[in-house]
Amino acid sequence: MAGEAEKKVPSVPESLLKKRKRYAVIKAKRIKAQRVEKKARRVTRKLILKRAESYHKEYRELYRREIRLNRMARKAGNYYVPAEPKLAFVVRIRGINGVSPKVRKVLQLLRLRQIFNGVFVKLNKASINMLRIAEPYIAWGYPSLKSVRELIYKRGYGKIRKQRIPLTDNSLIEKTLGRSGIICVEDLIHEIYTVGKNFKAANNFLWPFKLSSPRGGMNKKTTHFVEGGDAGNREDQINRLIRKMN
C-alpha cells in the first residue's frame, strides 16, 4: 500500500508548473519595466512643465521689450525699426495649371505640392529669392506666436518612418527629435518660432500643413496682395489668412 501511495501521479503536471513559473517571471519583469517607465514619465512631465514656464516668460519679455523700445524711440522723437523677421509661413494658393518648370521645382523644394498646403520657411537670401520666383502661386508672411501654436496644435502631423502621424503624444516627438533636445510640443513651437539652431530638424519633422480653403473665399489669386489680390508677401496680415484657413 505504501509503494502505491508513492507512485501516485501529482495533482498538477510538471509542464504546467514550468509554464506558470515562466509566466510569473515575465509578469514580474513587465511590472518592473512599467514602474521604471512611470517614474521616467513623471520626471519628463516635470521637465516639460518647467520648460513651458520658461518659454512663456521668454515670450512675455520679448513682447515687453518691443513695446519698451518703441516707447523710448517715440519719446526721443525717433522711429523704432524692429529686427528683420527670421520666420515666414508660406501657403500655396494656386493649382498645377500652367506652372513653368522653374516655379514647379521651387514649389517642390518648398514642399508645397498641393493647393492650400502650408510650410514654415527660415528667411535668408536664398529662401527669399525662391519665394520671389514662386510668388504668383503662393501667399506668405510673418506668423505670430499665436498662429504658430494654433497650426502645430490643431494641424500638426509628424514625419515618422516616412508616414504622416498626428502629434497626439509628446513621446512621438521625443523619439524622433530627442537627440536635438526637443521632447514636447512646446519645445517644437519654441524652436520653430525663434528659428533656433535645430530649426531644420524640427521643420523637416513637421509634415506640410493641409489647410482648408479660406472662409469667405479669396479675393483674386492672380493679383498681388498690394494690388488687392492674394498672392505674394502680406507681412503680418498672413495671420488673418491663417485664422480663415485653420
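Just so we're clear, the structure is a prediction, and the values are computed from it rather than from any experiment.
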I want to check something: taking the side chain as every heavy atom from C-beta on, are [X] and [Y] in contact at a cut-off of under 4.5 Å?
X      : Y      : answer
Leu151 : Phe120 : yes
Ile192 : Leu206 : yes
Glu66  : Pro82  : yes
Trp140 : Glu135 : yes
Leu188 : Leu167 : yes
Phe209 : Val91  : no
Glu186 : Arg51  : no
Leu211 : Ile242 : no

Near [X] [atom1], under 6.0 Å, is it more than 12 heavy atoms from other residues, nucleotides or ligands?
X      : atom1 : answer
Gln108 : CD    : yes
Arg113 : CZ    : no
Ile96  : CD1   : no
Lys19  : NZ    : no
Tyr63  : OH    : no

List the atom of [X], the atom of [Y], and the distance in Å for their closest heavy-atom pair.
X      : Y      : value
Ile183 : Thr44  : CD1-CG2, 4.3 Å
Ala134 : Val103 : CA-CG1, 4.2 Å
Ile133 : Pro136 : O-CD, 3.9 Å
Leu241 : Arg234 : CB-NH1, 3.8 Å
Phe199 : Leu87  : CE1-CD1, 3.8 Å
Pro85  : Leu123 : O-CD1, 3.6 Å

Quiz item: Parallel, tilted or perpendicular: which fits the ring planes of Tyr193 and Tyr59, with parallel below 30° and perpendicular above 60°?
Solution: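 Rings of Tyr193 and Tyr59: perpendicular, as their planes differ by over 60°.
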
Check this for me, if you would: do [X] and [Y] make a salt bridge, where the nitrogen-to-carboxylate-oxygen distance has to be below 4.0 angstrom?
X      : Y      : result
Glu150 : Arg243 : yes
Lys197 : Glu191 : no
Glu61  : Arg65  : no

Within the distance-only criterion (no hydrogens, no angle test), does the side chain of [X] pair as donor or acceptor with the backbone N or O of [Y] below 3.5 angstrom?
X      : Y      : result
Lys221 : Ile93  : yes
Asn219 : Asp230 : no
Arg42  : Arg45  : no
Ser127 : Lys122 : yes
Arg111 : Pro208 : no
Arg94  : Thr222 : no
Asn170 : Val185 : yes

Can you hop from [X] to [Y] via hydrophobic side chains spaced under 4.5 Å?
X      : Y      : answer
Tyr137 : Val121 : yes
Phe205 : Ile189 : yes
Ile138 : Tyr142 : yes
Leu107 : Ile115 : no
Ile128 : Leu110 : yes

Self-check item: Geometric cation-pi criterion Arg164 and Tyr157, 6.0 Å radius, 45° cone
Solution: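 Yes, Arg164 sits over the ring of Tyr157.
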
Separation of [Y] [atom2] from [X] [atom1] (nearest 0.5 Å):
X      : Y      : atom1 : atom2 : answer
Thr194 : Lys86  : OG1   : NZ    : 6.5 Å
Leu49  : Ser54  : CG    : OG    : 10.0 Å
Leu172 : Glu174 : CG    : CD    : 10.5 Å
Glu53  : Ile48  : CD    : CD1   : 12.5 Å
Thr176 : Ile182 : OG1   : CD1   : 10.5 Å
Asn239 : Gln237 : CG    : CD    : 8.0 Å

Self-check item: All side-chain contact (heavy atoms from CB on, under 4.5 Å) counterparts of Tyr79, not counting sequence neighbours
Solution: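 Testing Tyr79 for side-chain contact (heavy atoms from CB on, under 4.5 Å), a comparison that skips the adjacent residues, returns none.
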
Self-check item: Lys27: partners by side-chain contact (heavy atoms from CB on, under 4.5 Å), with sequence neighbours left out
Solution: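 Partners of Lys27 under the side-chain contact (heavy atoms from CB on, under 4.5 Å) test: Arg30, Ile31.
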
Quiz item: Going through the distances and angles, do Asp187 and Tyr55 end up as a side chain to side chain contact (heavy atoms under 4.5 Å, CB included)?
Solution: CA-CA 9 Å; Asp187 283 347; Tyr55 294 150; 2.6 Å; yes

